[in-house]
Amino acid sequence: MPAPPPIEADAVWRFYMKVQLVRVQVLAPAVILSTRKTTCRFCLRKDSMSRRQSVLGLVILLYLAAIASGSRLKSVPSSAPGTFDTIIKNGHIVDGTGSPWYAADVGISDGKIAAIGKLDGAKARRVLDAGGMVVAPGFVDMLGQSEMSILVNPHLPSKIYQGITTEITGEGGSAAPLNDAIIKADRVTYEHLGITADWRTLGDYFARLEKQGAGINLASYVGATQVRRMVLGDVDRDPSPAELEQMKSMVSQAMREGAVGVSTALQYPPAPYAKTEELIALASEASRFGGVYASHIRDEGNSIIPALDEAIRIGREARIPVEIWHLKAAGKPNWGRMPEIVAHIQKARDAGIDITADTYAYPAWFNNLSAFIPPWAHDGGDSKLIERLKDPAVRSRIRKDMETHSTTWDNEWEEVPGPQSILVSVVSNPKLLPLQGKTIDQIAKQRGKDPIDAICDLLIEDHGYTYVAVFGMDEPDVALALQQPWVSICNDSQGTAPDGLLGKEHPHPRAYGTFPRILRKYVREEKKLRLEEAIRKFAALPAQKMRLGDRGVLKVGMWADVVVFDPNTIADRATFEEPNQLSAGMQYVLVNGVPVIDAAKMTTSLPGKVLRGPGFAH
């Protein structure tokens with residue numbers, strides 16, 4: 001016997017209203033009689049209430065009886081037949097909440113989900129057959145890094161082939177605010193990507209992005225490092241009270257222009273120069289506008305617990321939700337500490353701190369090679385760093401610090417198993433392109449140099465720009481972090497493409513494969529996550545954290561960010577050896593109701609929107 005169709009609230013309501021026509025005729029005499037006196041009116045009103053309850057109960061019983069007998073009330077979609085732009089039929093709906101999948105069709109009109117249910121007989125301009133496939137909300141990348149690369153290739157193929165429809169970006173540094181001094185200091189980055197920085201405020205940047213168009217939705221934090229550089233430059237000193245007020249004012253302006261919160265990346269100078277009190281002051285400004293505080297914490301290795309405590313303190317004193325970016329137990333000495341880290345965060349949650357985290361679930365991180373150099377050597381910016389690296393006496397001091405155990409800075413050299421664990425991925429100097437894809441160990445041997453000297457020389461030759469993948473995590477720690485119910489997913493990589501300017505780089509494979517890899521490895525192969533739970537981590541959980549109230553769940557009235565994929569075949573293809581490979585398995589990806597992946601091929605559409613935070617002043 002076939003399963004009965006789901007009870008549809010709109011059908012019950014229409015059936016109830018039909019019965020009401022009969023009810024009015026039956027109760028009309030009683031209503032007339034109720035005009036006699038107060039006590040009688042009261043009695044009849046109670047009787048009317050009883051009648052209403054009885055009639056409603058009868059309606060529900062009749063409806064259930066109709067279902068049980070194999071018949072059903074005809075359901076009319078929320079849009080009249082013929083008005084749907086798109087219908088996705090025959091799919092297994094995984095709605096993003098973590099609930100079990102169910103069978104239904106999805107009707108889309110004007111960029112939003114207009115109906116979910118059995119849409120037989122409804123018409124649409126386009127019908128997509130999702131038979132045997134999962135239909136789910138578009139994925140939200142909690143740290144995407146695409147604020148610059150989206151200006152180079154607005155389609156961001158590496159993102160959309162993963163099913164990413166929304167990205168949150170702005171890690172410590174952000175696209176704005178911007179001034180001439182920062183542009184000059186970051187000249188290598190802009191030249192590398194061929195970008196002219198013709199904006200100064202976050203509002204200006206958003207306007208440029210909207211004028212150009214984008215393949216995905218994008219939201220941004222304002223970086224605490226960014227506002228510090230606007231006022232203090234790259235120097236190691238505390239702001240004066242007046243300077244701190246300037247920085248707070250910049251955060252407030254950015255929040256009014258649409259920032260979703262304030263962020264820190266406390267490992268990368270000049271960010272480590274900021275004391276906790278400075279960060280509390282900036283986070284408090286973001287809190288006034290309903291923002292989030294997100295952080296690449298001060299230390300992800302030996303001193304991770306004190307670093308977490310700092311983030312917890314900022315959340316508590318600034319009264320702001322906290323997001324810990326790319327949660328990890330970094331470095332071989334810390335392998336096996338993830339249970340302790342998880343318990344520490346859970347304890348804060350139990351105490352009422354709104355703290356969550358995200359992960360990309362790979363065993364290697366990806367950052368600037370200059371992160372291996374102690375923070376003091378960065379005072380004044382990259383130009384001063386390079387001067388120090390060229391000075392034999394200063395280089396000797398740098399070497400000593402790198403080789404000495406420390407709890408005052410995140411010493412990556414101490415954390416890695418060895419130079420063979422550092423893979424050069426992206427360079428700016430064209431003469432260094434042959435080194436992309438080689439380890440520091442290989443480069444040092446090729447040049448006949450000590451590995452630390454090889455790092456220092458490479459930074460000099462590449463003007464401090466070089467990016468590396470660092471193999472410093474243990475798989476059991478990675479999996480345990482992923483399984484926590486309060487951990488969502490980030491790419492922690494800019495959107496890229498296998499061709500053009502961006503295709504010349506050798507990125508971390510997470511840039512292309514994070515979300516499909518989790519579906520392949522942890523859902524399908526290792527069964528460490530249920531499919532529905534993985535989708536919740538991809539969609540509803542991050543949307544909830546970022547206050548995206550109209551995205552992240554498949555529900556009538558929400559924006560139609562939708563993915564359609566085969567759970568049995570979806571897979572990542574990118575590897576550390578050959579990273580520039582698009583993921584496979586996404587049949588359709590819709591952004592605001594418009595396909596950016598159609599029958600497994602990228603379209604030319606740019607339907608993405610700038611998503612502004614709750615403090616945005618229209």
Side-chain angles (χ1 to χ4, degrees), residues 111 137-178 193 195 197-199 201-223 226 254-263 291-292 294 323 325 358 488-497 502 511 514-515 538-539 542-543 545-552 559-563 589-594 596-597 602 605-616:
F139 304 159
V140 179
D141 183 351
M142 283 293 270
L143 178 57
Q145 313 279 19
S146 299
E147 62 268 28
M148 293 295 113
S149 65
I150 199 170
L151 301 178
V152 178
N153 184 338
H155 297 282
L156 299 183
S158 66
K159 299 276 181 177
I160 59 177
Y161 273 92
Q162 293 183 63
I164 294 168
T165 58
T166 295
E167 174 186 309
I168 319 297
T169 192
E171 185 189 10
S174 50
L178 207 53
L193 294 173
I195 292 172
D198 55 1
W199 65 91
T201 69
L202 199 60
D204 293 340
Y205 170 78
F206 287 156
R208 171 170 172 170
L209 186 57
E210 287 176 324
K211 182 178 179 180
Q212 169 195 281
I216 64 172
N217 305 310
L218 186 132
S220 180
Y221 291 92
V222 57
Q226 198 74 18
M255 294 299 295
R256 290 189 184 97
E257 291 171 341
V260 293
V262 67
S263 68
V292 173
E323 178 75 7
W325 274 326
D358 51 64
S488 55
I489 310 301
C490 69
N491 248 34
D492 196 15
S493 290
Q494 68 178 18
T496 186
L502 298 175
T514 299
F515 290 79
F538 294 178
K545 183 71 177 192
M546 301 312 303
R547 311 301 193 254
L548 304 178
D550 52 3
R551 299 178 194 272
W559 284 102
D561 295 339
V562 185
V563 298
V589 176
L590 282 67
V591 176
N592 301 307
V594 178
V596 293
I597 298 291
M602 187 172 74
S605 298
L606 296 172
K609 296 178 180 292
V610 171
L611 305 184
R612 293 174 172 86
F616 175 57

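A donor-acceptor pair is defined here as one N or O able to donate and one able to accept, closer than 3.5 Å; no such pair exists between the side chain of Arg551 and the backbone of Gly549. Although no hydrogens or angles enter the test, the distance criterion places a donor-acceptor pair under 3.5 Å between the side chain of Ser263 and the main chain of Gly170. Side chain of Glu323 to backbone of Met546: no donor-acceptor contact under 3.5 angstrom is found. Judged purely by atom type and a 3.5 angstrom limit, Glu171 has no side-chain atom pairing as donor or acceptor with the backbone of Ala294. At least one donor-acceptor pair under 3.5 Å links the side chain of Ser174 to the backbone N or O of Gly223. Thr201 places no side-chain N or O within donor-acceptor distance of the main-chain N or O of Pro177, the cut-off being under 3.5 Å.
Partners of Asp358 by salt bridge (Lys or Arg N to Asp or Glu O under 4.0 Å), not counting sequence neighbours: none found. Legend: residues meeting side-chain hydrogen bond (donor to acceptor under 3.5 Å, both in side chains) with Asp492, ordered by chain and number and at least two apart, are Gln145, Arg510. Residues satisfying the side-chain hydrogen bond (donor to acceptor under 3.5 Å, both in side chains) criterion with Trp325, sequence neighbours excluded, are absent altogether. Residues satisfying the side-chain hydrogen bond (donor to acceptor under 3.5 Å, both in side chains) criterion with Thr165, sequence neighbours excluded, are absent altogether. Looking at residues two or more places apart in sequence or on another chain, you find a side-chain hydrogen bond (donor to acceptor under 3.5 Å, both in side chains) between Glu210 and Arg612.
Expressed to the nearest 0.5 Å, how far CD1 of Ile150 lies from CZ of Arg208 amounts to 11.5 Å. With rounding to the nearest 0.5 Å, the separation of CD1 in Ile216 from NZ in Lys609 is 14.5 Å. In this structure, the separation between CE on Met255 and CG on Leu202 is 10.0 Å, given to the nearest 0.5 Å. Here the CG atom belonging to Leu590 is positioned 8.5 Å from the CG atom belonging to Asp561, to the nearest 0.5 angstrom. Distance CZ/Arg547 to CG/Leu611: 15.0 Å, rounded to 0.5 Å. Atom CG of Asn491 is separated from atom CD1 of Ile168 by 12.5 Å, given to the nearest 0.5 angstrom.
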Test Tyr221 against Val292 for side-chain contact (heavy atoms from CB on, under 4.5 Å), laying out the working first.
CA-CA 8 Å; Tyr221 291 92; Val292 173; 3.8 Å; yes

Carefully, step by step, assess Leu502 and Leu193 under the rule side-chain contact (heavy atoms from CB on, under 4.5 Å).
CA-CA 8 Å; Leu502 298 175; Leu193 294 173; 4.0 Å; yes

Criterion side-chain contact (heavy atoms from CB on, under 4.5 Å) on Ser146 and Thr169, from CA distance to verdict
CA-CA 7 Å; Ser146 299; Thr169 192; 5.6 Å; no

For Gln226 and Leu178, run side-chain contact (heavy atoms from CB on, under 4.5 Å): C-alpha distance rounded to whole Å, both residues' side-chain angles, the deciding distance at 0.1 Å, then the answer.
CA-CA 8 Å; Gln226 198 74 18; Leu178 207 53; 3.7 Å; yes

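Shortest non-hydrogen contact noted between Val222 and Ala259 is N-CB, 3.9 Å. Closest approach of Gly163 and Val563 over heavy atoms only: O-CG1, 3.5 Å. Nearest heavy atoms, Ala219 versus Val260: CB-CG1, 3.9 Å. Ala511 and Thr496 get closest at one heavy-atom pair: CB-CG2, 4.2 Å.
Here salt bridge (Lys or Arg N to Asp or Glu O under 4.0 Å) pairs that include residues 143-161, with residues two or more places apart or in two chains, are Asp141-Lys159, Lys159-Glu167.
Using bins of under 30°, 30° to 60° and over 60° for the plane-to-plane angle, the ring pair Phe515/Phe139 lands in the parallel bin.
At a threshold of 4.5 Å between non-hydrogen side-chain atoms, the residues Ser149 and Leu156 count as touching. When side chains are defined from C-beta on, Met602 does not count as touching Val596, because their heavy atoms never get closer than 4.5 Å.
In the model, Asn592 has no side-chain atom that pairs as donor or acceptor with a side-chain atom of Trp559 under 3.5 Å.
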